[in-house]
Amino acid sequence: MQEVIASVEAVVTKFYDGGNAAAGTRVRKTMQDLKVLAQEIRAEVTEKKNSAK
């Protein structure tokens, strides 16, 4: 997850500070990938928590 966040930092800067519209598309795609990854991690944590009972 940290790798995904680190990879998007430069693109976010290009979009917000540089006004690069194409970078906005890359930001949105990467944020969607991050959302999917976060959901997978949430499912793993829930499964592990419930199996410990």
Q: Please examine the side chains of Q2 and I5, heavy atoms only from C-beta on, and report whether any two atoms are closer than 4.5 Å.
A: no

Q.
Within this structure, what is the CG-OG1 distance for the pair N20 and T13, rounded to the nearest 0.5 Å?
A. 11.5 Å

Q: Side-chain contact test, heavy atoms from C-beta onward, threshold under 4.5 Å: evaluate it for V11 versus F15 and give yes or no.
A: no

Q | Pairwise distance CG(D33) to CG(L37) - rounded to 0.5 angstrom | A | 8.5 Å

Q. What about V36 and V45, same hydrophobic cluster or not, with Ile/Leu/Val/Met/Phe/Trp/Tyr joined at side-chain heavy-atom distances under 4.5 Å?
A. no

Q.
Looking at T30 and V27, would you say the former's side chain and the latter's main chain have a donor-acceptor pair under 3.5 Å?
A. no

Q. CG of N50 to CD of E47: how many Å apart, nearest 0.5 Å?
A. 8.5 Å

(Q) Do V8 and M1 land in one hydrophobic cluster if side-chain heavy atoms of ILVMFWY residues count as linked below 4.5 Å? (A) yes

